[in-house]
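What's counted below: heavy atoms across the whole structure, side chains too, no hydrogens, waters or symmetry copies. Counting begins at 1 with the first residue of the sequence.
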Amino acid sequence: MEKHAAVIGSGVMGHGIAQLYALAGFRVFLYDLQEAFLMKARASIEHSLSLQVAEGVIADQSRVTALEHIVLTTDLRAAVSDAEIITEAVPEVIELKWELFEKLEQYARPDAIIASNTSTFSIARLIEKATTPQRFIITHFFNPAQLVPLVEVVRHESTAQEVVHKTMQLMEEIGKSPVLLKKDVPGFIANRLQTALMREAFHLLAEGVADAAQIDTVMKDGIGYRWAFVGPIETMDFGGLDTWKRVMDNLAPELDASTKAPAIIEERVAEGNLGTKTGAGIYSYMDTSVSEKLRVRDEQFIRLGKMNRG
């Protein structure tokens with residue numbers, strides 16, 4: 001019997017999630033409000049699958065089959081009526097999500113799992129207006145969703161244990177590394193770790209310790225190089241907890257403890273310099289092909305994934 005999934009929202013995250021389910025053999029309905037959004041998503045999926053073929057991760061027949069498994073639609077009821085799991089990947093506006101969930105509860109199968117890709121809202125906030133809270137869960141993918149293995153899974157005390165179990169199984173089935181949080185905390189795990197590190201990176205930048213490119217090099221060629229295979233807690237075990245106790249005792253008082261975004265980010269946002277989407281952020285992208293940089297990034301992610309699986 002053919003397995004069905006639905007993804008609501010075909011943007012940066014949605015199309016990647018749809019691709020994952022399609023490669024795993026699901027018939028995937030990818031929904032958005034406008035045909036133009038869906039055409040753009042399909043082009044992104046085709047490009048991503050072609051990259052994976054070129055890197056030898058999937059066969060060309062798998063690419064063809066995956067594309068055949070994806071159904072584009074602007075009909076929400078048709079998108080979700082047969083799905084065993086529905087992934088919400090719409091903008092992070094709580095009223096939008098509540099409005100969508102109300103429709104999903106009407107249109108979906110009674111046993112369908114309703115999963116949100118949110119990185120902003122707690123599961124408690126998401127289900128405030130839900131009539132079937134037992135089937136709601138968070139599956140927080142990372143961009144690009146089709147390449148980064150991690151998925152953070154967050155449940156509510158109302159979430160049925162069967163839904164938790166099935167969600168974890170489904171994440172593994174589509175090739176992800178799911179982590180089930182024991183507590184629902186703001187930012188979950190990954191964004192808290194990222195934010196702590198970024199806060200210190202921008203502090204070092206503001207203090208003139210190094211420029212942005214040098215700080216990024218330290219991360220890519222030092223810490224990140226190691227953390228791809230050995231996590232921070234393991235690193236402390238390998239280095240010796242006595243050694244790391246001294247390091248932390250010495251450094252903790254020196255670290256930045258700001259409670260808001262760094263001043264340089266505030267300034268850039270006020271200027272309208274938001275990063276690649278506007279042509280400049282901390283770096284300038286005026287003479288840079290952003291699409292080429294993203295292609296190279298994705299190639300490197302694919303190769304790292306092959307190493308990890310090897």
Study note, to complete from the structure: Grouping ILVMFWY residues whenever side-chain heavy atoms fall under 4.5 Å, the cluster of Met248 otherwise contains Met236, Leu241, Trp244, Val247, Leu251
Revision key, fill the gap. dist Lys103:NZ -> Arg77:CZ (nearest 0.5 Å) comes out at 10.5 Å
Check your understanding: Strictly by modelled atom types, are Asp256 and Ser258 linked by a side-chain donor-acceptor pair under 3.5 Å?
Key -> yes
Practice item. Assess whether atom CZ of Arg109 is packed by more than 12 heavy atoms of other residues, nucleotides or ligands within 6.0 Å. Key: yes
Check your understanding: Can Asp60 and Arg63 be counted as an ion pair, charged N to O under 4.0 angstrom?
Key -> yes
Check your understanding: Any donor and acceptor pair, going by atom type alone, linking the side chain of Lys306 with main-chain N or O of Glu55 inside 3.5 Å?
Key -> yes
**Study point:** Derivation of the side-chain hydrogen bond (donor to acceptor under 3.5 Å, both in side chains) call for Thr118 and Thr120
**Key:** CA-CA 6 Å; Thr118 187; Thr120 305; 4.5 Å; no
Review point. Does the pair Glu266/Lys260 count as a salt bridge with the N-to-O cut at 4.0 Å?
Key: no
**Study point:** Polar side-chain atom of Arg192 near backbone of Pro186 as donor-acceptor pair, under 3.5 Å
**Key:** yes
Point to revise | Flag, side chain of His69 to backbone of Thr65, donor-acceptor distance under 3.5 Å | key: yes
Check your understanding: Within the distance-only criterion (no hydrogens, no angle test), does the side chain of Glu92 pair as donor or acceptor with the backbone N or O of Ser119 below 3.5 angstrom?
Key -> yes
Check your understanding: Ser48 side chain to Ser44 main-chain N or O, any donor-acceptor pair under 3.5 Å?
Key -> no
Exercise for review: Determine the interplanar angle of the Tyr283 and Tyr285 rings, folded into 0 to 90°, and report it as parallel if under 30°, tilted if 30 to 60°, perpendicular if over 60°.
Suggested key: perpendicular
Review point. Crowded around Lys3 NZ? As in, over 12 foreign heavy atoms under 6.0 Å?
Key: yes
**Study point:** Any donor-acceptor pair under 3.5 Å from Arg268 side chain to Gly281 backbone
**Key:** yes
Review point. So does Glu128 have more than 12 non-hydrogen atoms from other groups sitting under 6.0 Å from CD?
Key: yes
Check your understanding: Transitively linked via ILVMFWY side-chain contacts under 4.5 Å: Leu30 with Val71?
Key -> no
**Study point:** Side chain Thr288, main chain Val290, donor-acceptor under 3.5 Å
**Key:** no
Exercise for review: Determine yes or no for a side-chain-to-main-chain donor-acceptor pair under 3.5 angstrom, with Asp32 supplying the side chain and Ser10 the backbone.
Suggested key: yes
Check your understanding: Rounded to the nearest 0.5 Å, how far does CZ of Phe101 lie from CD of Glu88?
Key -> 4.5 Å
Practice item. Decide whether Leu49 and Val28 are clustered together by the hydrophobic rule: side chain heavy atoms of Ile, Leu, Val, Met, Phe, Trp, Tyr closer than 4.5 Å, transitively. Key: yes
Check your understanding: What distance do His165 atom NE2 and Leu170 atom CG have between them, rounded to the nearest 0.5 Å?
Key -> 10.0 Å
Check your understanding: Same cluster for Met39 and Met13 if Ile/Leu/Val/Met/Phe/Trp/Tyr side chains link at under 4.5 Å?
Key -> yes
Exercise for review: Quick one: pull up CZ in Arg27 and CD1 in Ile70 and give me the separation to the nearest 0.5 Å.
Suggested key: 11.0 Å
Point to revise | Approximate separation, where rounding is to 0.5 Å, of Met219 CE and Met198 CE | key: 9.0 Å
Exercise for review: Answer with yes or no whether the hydrophobic clustering places Phe188 together with Ile137; edges join I, L, V, M, F, W, Y residues whose side-chain heavy atoms lie under 4.5 Å apart.
Suggested key: no
Review point. Which one of Asp184, Ile138, Leu181, Val164 satisfies the side chain to side chain contact (heavy atoms under 4.5 Å, CB included) criterion with Arg155?
Key: Val164
Revision key, fill the gap. With Lys176 as partner, the option from Ile17, Val153, Val151 fulfilling side chain to side chain contact (heavy atoms under 4.5 Å, CB included) is Val151
Review point. Okay, side chain of Ser284, backbone of Ala280: is any donor-acceptor separation there less than 3.5 Å?
Key: no
Check your understanding: Judged by atom type as modelled, is there a donor-acceptor pair below 3.5 Å linking the side chain of Thr74 to the main-chain atoms of Gln34?
Key -> no
Point to revise | Leu20 side, atom CG; Glu173 side, atom CD - distance, nearest 0.5 Å | key: 12.0 Å
**Study point:** Whether Phe26 and Tyr21 hold their rings parallel, tilted or perpendicular, with breakpoints at 30° and 60°
**Key:** perpendicular
